[in-house]
Amino acid sequence: MKAWNYKGVIIFGNSDKEIVKDYITKTNPTSNLFLVKVEYFKKKRDFFRDDLQRLPFLDGCDKEEKDTLNLKVLDEKKRLNRLNFIFSKFNPLTEEQLKSLLMDFDEQLYFHSDYSNEVWEEIEVEKISGIMRFRSFSNWYQPFKIVMEGRASAEIKHGKIDRLIRTFEKDETEFYNIYSNPRYKDMYVIYDSDKDKYFVTEDGSHRVFLAKILGMKTIMANVNRVKKSGNS
């Protein structure tokens with residue numbers, strides 16, 4: 001079951017009237033149930049998705065749902081606090097900057113690439129223009145919004161992002177090692193010499209994505225320089 005916070009009202013995704021009734025009676029015990037329900041469904045009908053604060057999935061509904069909801073909301077707040085904490089330590093890209101950065105991935109380069117000239121080297125994060133795993137998104141803001149809202153996504157594994165952030169909280173040196181130490185030599189990119197751009201192909205998608213939205217300057221990666229028309 002999905003739920004959102006809309007201007008202080010919990011909006012349940014399945015419109016279950018019994019769930020709504022149970023929630024209202026627990027959170028507003030002295031209110032006129034009929035009037036509150038009318039107001040609830042009026043708001044549910046009129047809301048816009050951009051106005052919503054996404055809450056985590058709720059696991060079922062029982063007499064303790066209010067407590068379950070409060071715990072879920074608390075967990076979500078902790079997760080957002082972690083995200084905001086790591087952003088505060090960097091110079092992250094703004095929402096408008098992320099929207100203006102188009103997510104570009106050249107599948108032809110990927111399918112015709114030759115890994116025989118792969119080199120472990122430092123690359124500029126600014127020149128990373130796309131991630132194969134995220135190629136369904138049109139810009140870098142779209143996956144960022146999913147991460148910030150905690151929504152489910154086939155492309156994004158929130159656990160990987162959370163582990164990176166917990167590493168930063170625990171040991172900043174270890175966090176930077178993930179982007180520079182050969183021990184983590186499993187980030188793979190293709191370099192398009194014509195466009196002077198990099199594309200993430202295999203492992204390293206979430207690490208590179210976080211580096212991008214944080215505005216990091218450089219990272220280490222396995223670089224495959226694609227040969228075009230006989231040129232490297």
Side-chain angles (χ1 to χ4, degrees), residues 48-54 79-113 119-165 167-168 172 175-176 178-180 184 186-226 228:
F48 294 97
R49 286 299 171 102
D50 289 343
D51 296 331
L52 300 177
Q53 175 191 347
R54 178 73 169 85
R79 190 186 69 83
L80 287 173
N81 285 338
R82 286 195 195 99
L83 288 170
N84 288 324
F85 170 73
I86 194 172
F87 292 147
S88 71
K89 296 291 185 177
F90 290 83
N91 182 25
L93 298 176
T94 66
E95 179 178 319
E96 290 305 313
Q97 287 173 321
L98 288 171
K99 286 180 178 179
S100 68
L101 289 174
L102 300 182
M103 185 74 77
D104 181 23
F105 184 87
D106 192 332
E107 293 193 4
Q108 291 302 312
L109 283 177
Y110 173 68
F111 289 121
H112 294 92
S113 60
V119 178
W120 171 252
E121 63 185 19
E122 187 175 37
I123 66 173
E124 296 177 60
V125 175
E126 184 180 11
K127 293 184 178 181
I128 299 173
S129 63
I131 298 175
M132 181 179 181
R133 185 182 181 90
F134 297 168
R135 63 188 181 279
S136 62
F137 300 113
S138 61
N139 61 49
W140 289 79
Y141 177 71
Q142 291 174 335
F144 169 75
K145 192 169 187 287
I146 288 176
V147 168
M148 292 303 292
E149 293 179 349
R151 288 189 279 127
S153 168
E155 298 89 351
I156 298 170
K157 295 187 181 297
H158 292 281
K160 291 189 174 183
I161 298 292
D162 290 341
R163 282 196 295 274
L164 285 167
I165 292 171
T167 298
F168 183 84
E172 292 186 24
F175 176 81
Y176 288 111
I178 291 174
Y179 290 95
S180 60
Y184 301 100
D186 60 347
M187 285 194 277
Y188 298 89
V189 302
I190 290 175
Y191 177 68
D192 183 346
S193 57
D194 286 0
K195 296 181 180 179
D196 191 25
K197 296 289 185 182
Y198 296 94
F199 308 94
V200 183
T201 57
E202 298 180 36
D203 292 344
S205 299
H206 294 81
R207 282 169 285 173
V208 171
F209 169 68
L210 188 59
K212 185 78 171 183
I213 63 176
L214 289 174
M216 293 175 66
K217 300 302 182 184
T218 63
I219 60 173
M220 298 294 291
N222 290 298
V223 180
N224 171 30
R225 283 178 163 72
V226 176
K228 289 187 174 181

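Since the model is a prediction, treat every value here as computed from it, not as a measurement.
Pairs passing the salt bridge (charged side-chain N to carboxylate O under 4.0 Å, His left out) check and including a residue from residues 80-89, sequence neighbours excluded, read Arg82-Glu169. Residue pairs meeting the side-chain hydrogen bond (donor to acceptor under 3.5 Å, both in side chains) criterion with at least one member in residues 211-223, sequence neighbours excluded: Glu122-Thr218.
Nearest heavy-atom pair across Arg79 and Val147 is NH1-O, 2.7 Å. Residues Ser205 and Arg133 come closest through the heavy atom pair OG-CB, 3.7 Å.
Taking the ring pair (Phe, Tyr, Trp, His ring centres under 6.0 Å) definition, one finds that Phe87 meets it with Phe144, sequence neighbours left out. Under the rule for a ring pair (Phe, Tyr, Trp, His ring centres under 6.0 Å), Tyr184 has no partner lying at least two apart in sequence or in another chain. For Asn81, there are no side-chain contact (heavy atoms from CB on, under 4.5 Å) partners, not counting sequence neighbours. Partners of Ser136 according to the side-chain contact (heavy atoms from CB on, under 4.5 Å) rule, which considers only residues two or more places apart in sequence or in another chain, are Glu155.
Here Ile131 contributes atom CD1 and Met103 contributes atom CE; the two are 5.0 Å apart, rounded to the nearest 0.5 Å. With rounding to the nearest 0.5 angstrom, the CE atom of Met220 is 9.5 Å from the CD1 atom of Ile123. Here the NZ atom belonging to Lys145 is positioned 12.5 Å from the OG atom belonging to Ser153, to the nearest 0.5 angstrom. A distance of 13.0 Å separates OH in Tyr141 from CG in Leu93, rounded to the nearest 0.5 Å. Atom CZ of Phe134 sits about 4.5 Å away from atom NE2 of His206, to the nearest 0.5 Å. A distance of 4.0 Å separates CD in Glu121 from CZ in Arg225, rounded to the nearest 0.5 Å.
Using a 4.5 Å heavy-atom cutoff, the side chains of Trp140 and Ile128 are in contact. Between Ile190 and Met132, the closest side-chain pair of non-hydrogen atoms is not below 4.5 Å.
In this model, no donor atom of one side chain and acceptor atom of the other lie less than 3.5 Å apart for Asp192 and Tyr198.
Between Phe137 and Phe209, the distance from one ring center to the other does not fall under 6.0 angstrom.
Other residues, nucleotides and ligands contribute more than 12 heavy atoms inside 6.0 Å of the CD atom of Glu172.
A donor-acceptor contact shorter than 3.5 Å is absent between the side chain of Tyr188 and the backbone of Asn224.
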